[in-house]
Protein chains: 2
Amino acid sequence: MADTLTASALTLKDIARQAGVSLATVDRVLHNRPGVRPDTVRRVREAIERNSFQPHVAAAELARGRARRFAFVMPSGPNPFMQQIQDYLGEMSAWLSARRLGVETVATDVFDPSVLAASLEGLSDDYDGIAVVALDHPGVRAAIDDLVDAGAKVVTLVSDVPSSRRHHYVGIDNIAAGRAAGALVGRLVGQQSGKVAIVAGSQGLRDHAERIFGFNQVMASEFPGLSVLPVLEGRDEDGRSEQVLARLLGRHADIVGLYNVGAGTQGVARALSDAGRDKQVVFVGHDVTALTRRLLLQGVMDAAISQNPGHEARAAVRVLLALARGEPILREQEKIRIDIVMRDNLP
Amino acid sequence: MADTLTASALTLKDIARQAGVSLATVDRVLHNRPGVRPDTVRRVREAIERNSFQPHVAAAELARGRARRFAFVMPSGPNPFMQQIQDYLGEMSAWLSARRLGVETVATDVFDPSVLAASLEGLSDDYDGIAVVALDHPGVRAAIDDLVDAGAKVVTLVSDVPSSRRHHYVGIDNIAAGRAAGALVGRLVGQQSGKVAIVAGSQGLRDHAERIFGFNQVMASEFPGLSVLPVLEGRDEDGRSEQVLARLLGRHADIVGLYNVGAGTQGVARALSDAGRDKQVVFVGHDVTALTRRLLLQGVMDAAISQNPGHEARAAVRVLLALARGEPILREQEKIRIDIVMRDNLP
DNA sequence: GGCGTTTTGAGGTACGCAACTCATTTTGAG
DNA sequence: CTCAAAATGAGTTGCGTACCTCAAAACGCC
């Protein structure tokens, strides 16, 4: 009837007694301090295993004395998505201070590898953990590895550097996101055949390139009736996005689908509306902002692929904290999902 | 450049000094203990406010001594979704025991109000918090209110009892979920007109009724070309669901959409396949399980409306813990989203 | 002003662990 | 067997809070 799940009340003292050693030795083993014979280490470890003992985090945290500090290295521009992440960090302030955690934001130009690498340098002196929106570049990778070597915990946020030795990546799989976008455009277009347009910020950006790759994959294999036009580059700016798309719409009367890979959504929507084709073209974009929310409600946009910025902010903090404490990470909890947002499940 | 967010290092002693009182008095105010003049209370509160002081949770938890215990009251049947919630609770065991939290599952017949009410009775003696998958019924409401009056923290899980005085609801808005399902069926069917079938467990279940309501709302207002057939009741059983749906498919050749509101998905899929119409009918159901995952990959199901069971399990625990500690709840974090899951964003 | 009551102060103990010191025991090499 | 090095034991202190006791002070009432 009632199935008990947990509640150990053991302490380090119990472990010491069971292993037949003193508290000091258990402490040495627990913190990988030198001066313990391998055989003794084994005995202690076994006692811990046998009882599936977990040190009381509250006691450990309290005894530690020193507060933990984390740095968030983020783009300095007015990117609304990044702004949302920072806003959600702000909402955590009570939670953070109740745990004596300090979180500081470092603004930098994440698109310039040397500037970014310079910003990262030396952060390990002041911080126990660093979350960074990283550009995938050898210089940045080296900077991240340096931080790791210096003992800091490093998490990449939103954009990954897989070749680095960062401890964790908090963000979505962009290829899968592109696939989801492709499937949505294809399915929502339905039986008709025609052309599909893609507007991206730049194909040089790793996340954009991956999304386009996934999108094309699905289009090619599953929607042979739809032909994808060459990618337009709008540099994530409204004006330029509107301009290039307007020209394309003028040249092709049979565009039935549109995928906006990055920002510049305002411009894309305007080009569609001005051409009077916002109701006929299936329009899928990214992220839930005040703007995309409005466009979804108006029916101009049909779906938005989204990653939850609040979740990313909190997951980054939790992962850094777990890493610093040596606790296991709840992978399932920290995984960022690809959300499909349509008018009726707007968060 | 660097924007600091938190890190108070104040202690109760500092607050006491600032308020010009002793530690004992601050303690009395903090825990609403009697014997403090209103004016003194105000002074202490002001000092706390002024410094935005937060008690150190680790110290508080440690000093408390007693471990906290939570009960999860859940259906005894083989419902896969509920099973997933329990599995995810199990995955938290290290996390729980590191915090000296005890979580126990109480299996009961949640569909019988008197049995459920009886199971709830007296739980407040043994547990600090209770999460319950509740049937919305006056007897259950009264039982919940009794628990609250006895000082326990109560959270409704998956299915709400809004009229009770439960402290929190962890679950989705089922009307919105039904609307999302309706929008998907309508959009994926596309231009064609035809009939749409609904299979539910029972219209007496609040969550099913709400989903159907939302579904019909969208169908009526936005997809006039589709006509919704009377709701079939499959009691969430495979056999019965298959049977009733097969009969309906036989009678109507022009069914283009299908909404499966509850469980019994296996039976629904079989009826569709046996009729050879699994590729023509747009099929939207609920929840991501091993089965629905397979059906999505095979293209039999087109989309699943899902609430993340892992998130629900963890959110329920976190909310109960925050309530018990008197900490604020991170609403944004604990809100359960309506996930639209298609083949390419399968988690 | 005296009385009883209410309010406040002072202090202690305990929680479980980290981090440290210093004395003692064990070990292995010569 | 001897001796230095390595391993271990025993113990202390402190983290910030909860919870408790007892005495002292302030208060309100007549």
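Every chain is numbered from 1 and lettered A, B, ... according to where its sequence line falls, protein lines coming before strand lines.
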Got a sec, which residues hit side chain to side chain contact (heavy atoms under 4.5 Å, CB included) with B/Ser163, two or more places apart in sequence or on another chain?
-> B/Asp136, B/Arg141, B/Val161

State whether the side chain of A/His31 and the backbone N or O of A/Arg33 hold a donor-acceptor pair below 3.5 Å, judged by distance alone.
-> no

Counting side-chain heavy atoms from CB outward, which of D/dT17, C/dC17, D/dA18 is closest to A/Ala60?
-> C/dC17

Mind jotting down which residue pairs meet the salt bridge (Lys or Arg N to Asp or Glu O under 4.0 Å) criterion with at least one end in residues 14-24 of chain B? Sequence neighbours excluded, please.
-> B/Asp14-B/Arg17

Name all pairs fulfilling the salt bridge (Lys or Arg N to Asp or Glu O under 4.0 Å) condition that reach into residues 79-92 of chain B, sequence neighbours left out, sorted by first residue then second.
-> none

Pick base, sugar-phosphate or nothing for A/Gly65, based on heavy-atom distances below 4.0 Å to the nucleic acid.
-> nothing

How long is the line joining [atom1] of [X] and [atom2] of [N], in whole Å?
X	N	atom1	atom2	answer
B/Leu12	D/dA18	CG	C1'	10 Å
B/Asp14	D/dG16	CG	P	9 Å
B/Arg17	C/dA10	CZ	P	13 Å
B/His56	C/dC17	NE2	P	16 Å
A/Lys13	D/dG9	NZ	P	16 Å

Once you round to the nearest 0.5 Å, how far does [atom1] of [X] lie from [atom2] of [Y]?
X	Y	atom1	atom2	result
B/Glu46	B/Ile15	CD	CD1	12.0 Å
A/Glu312	A/Ile85	CD	CD1	5.0 Å
A/Phe72	A/Leu157	CZ	CG	6.5 Å

Check whether any side-chain nitrogen or oxygen of A/Arg66 sits under 4.0 Å from OP1 or OP2 of D/dC15, and answer yes or no.
-> no

Check whether any side-chain N or O of A/Arg64 sits under 4.0 Å from OP1 or OP2 of C/dC17, and answer yes or no.
-> no

Of all of residues 37-48 of chain B, which get a heavy atom below 4.0 angstrom from DNA chain C, listed by number?
-> B/Arg37, B/Thr40

Under 4.0 Å from any atom of DNA chain C, heavy atoms only: list the residues of residues 18-32 of chain A that qualify, in numerical order.
-> A/Asp27, A/Leu30, A/His31

Candidate pair B/Gln333 and A/Tyr88, rule side-chain hydrogen bond (donor to acceptor under 3.5 Å, both in side chains), full reasoning = CA-CA 10 Å; B/Gln333 170 171 243; A/Tyr88 284 115; over 6 Å; no

Quick one: on DNA chain C, does A/Arg33 or A/Leu62 contact a more 5' nucleotide (nearest heavy atom)?
-> A/Leu62

Please tabulate, for side-chain N and O atoms in residues 321-332 of chain A, each donor-acceptor pair with protein atoms closer than 3.5 Å (sequence neighbours left out).
{"unit_1": "A/Arg325", "atom_1": "NE", "unit_2": "A/Glu61", "atom_2": "OE1", "d": "3.1"}
{"unit_1": "A/Glu327", "atom_1": "OE2", "unit_2": "B/Arg99", "atom_2": "NH1", "d": "3.2"}
{"unit_1": "A/Glu327", "atom_1": "OE2", "unit_2": "B/Arg99", "atom_2": "NH2", "d": "3.4"}

Counting Watson-Crick and G-U wobble pairs only, both distances under 3.5 Å, name the nucleotide matched with D/dT8, or none.
-> C/dA23

